[in-house]
Amino acid sequence: MNYILMTQPAGGESNPLASFLPLILIVVVFYFFMIRPQMKRQKEMRKFRENLAKGDKVVTTGGIYGKVVDIKESIIILQIDKEVNIRVDKSAVIKDMSDAPRQK
């Protein structure tokens with residue numbers, strides 16, 4: 001019979017860590033280039049929303065520009081035009097427009 005084919009080659013024991021090394025490397029790369037920056041952006045966005053104050057100029061996720069008139073627990077009242085106020089969920093505010101360049 002073919003007993004020679006059933007035996008392992010000399011020195012054929014492989015290190016289990018070496019077989020998982022590429023997988024571990026992929027996980028580390030994903031963490032540093034995708035997961036960590038996303039977590040940092042979420043933290044900055046949460047801090048921005050917590051520090052909103054009356055008079056701040058903001059933009060919503062829908063592209064509505066407005067000025068904060070009132071802040072409640074989870075709702076912000078935005079003034080988008082003279083005597084036109086809308087209620088917006090706090091999570092819909094994405095950026096501060098106070099440092100944006102003026103358009104002519």
Side-chain angles (χ1 to χ4, degrees):
M1 301 257 169
N2 293 330
Y3 293 110
I4 298 172
L5 295 176
M6 296 171 65
T7 61
Q8 288 186 354
E13 293 183 25
S14 64
N15 187 356
L17 182 63
S19 63
F20 285 114
L21 190 60
L23 181 62
I24 293 170
L25 185 62
I26 289 171
V27 169
V28 169
V29 168
F30 266 98
Y31 177 76
F32 280 106
F33 287 106
M34 296 180 75
I35 298 169
R36 188 169 176 241
Q38 180 64 28
M39 289 172 38
K40 185 177 179 183
R41 277 192 296 271
Q42 287 175 348
K43 185 178 178 182
E44 289 173 357
M45 189 61 68
R46 185 175 61 247
K47 185 177 178 182
F48 164 72
R49 289 177 181 145
E50 289 172 356
N51 293 329
L52 280 174
K54 291 181 181 180
D56 289 348
K57 294 180 181 179
V58 295
V59 178
T60 66
T61 55
I64 299 172
Y65 290 72
K67 186 169 95 173
V68 177
V69 175
D70 192 19
I71 301 173
K72 298 184 179 170
E73 191 170 321
S74 65
I75 295 175
I76 297 175
I77 309 295
L78 287 182
Q79 180 180 16
I80 56 174
D81 200 16
K82 294 179 185 176
E83 299 182 26
V84 179
N85 294 342
I86 60 173
R87 292 172 20 149
V88 177
D89 191 64
K90 205 173 204 179
S91 64
V93 176
I94 56 171
K95 50 181 163 169
D96 183 15
M97 293 307 297
S98 62
D99 58 350
R102 292 285 224 183
Q103 294 181 355
K104 295 181 181 181

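- Residues satisfying the side chain to side chain donor-acceptor pair (under 3.5 Å) test with T61, not counting sequence neighbours, are none.
- In this structure, the side chain to side chain contact (heavy atoms under 4.5 Å, CB included) partners of F33, at least two apart in sequence or on a different chain, are V29.
- Not counting sequence neighbours, the partners of F48 by the side chain to side chain contact (heavy atoms under 4.5 Å, CB included) test are M45, L52, V58, V93, D96.
- Atoms NZ and OG1, from K90 and T60 in turn, are 15.5 Å apart once rounded to the nearest 0.5 Å.
- Sorted by first and then second residue, the pairs that involve residues 37-53 and meet side chain to side chain donor-acceptor pair (under 3.5 Å), not counting sequence neighbours, are Q38-R41.
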Between side-chain atoms of residues 68-88 and protein atoms elsewhere (two or more places apart, or another chain), which donor-acceptor pairs fall under 3.5 Å?
from: Q79; atom 1: NE2; to: D81; atom 2: O; distance (Å): 3.4

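- Transitive grouping of hydrophobic side chains (ILVMFWY, heavy atoms separated by less than 4.5 Å) keeps I24 and V27 in distinct clusters.
- The hydrophobic side chain of L25 is isolated, with no ILVMFWY side chain under 4.5 Å apart from it.
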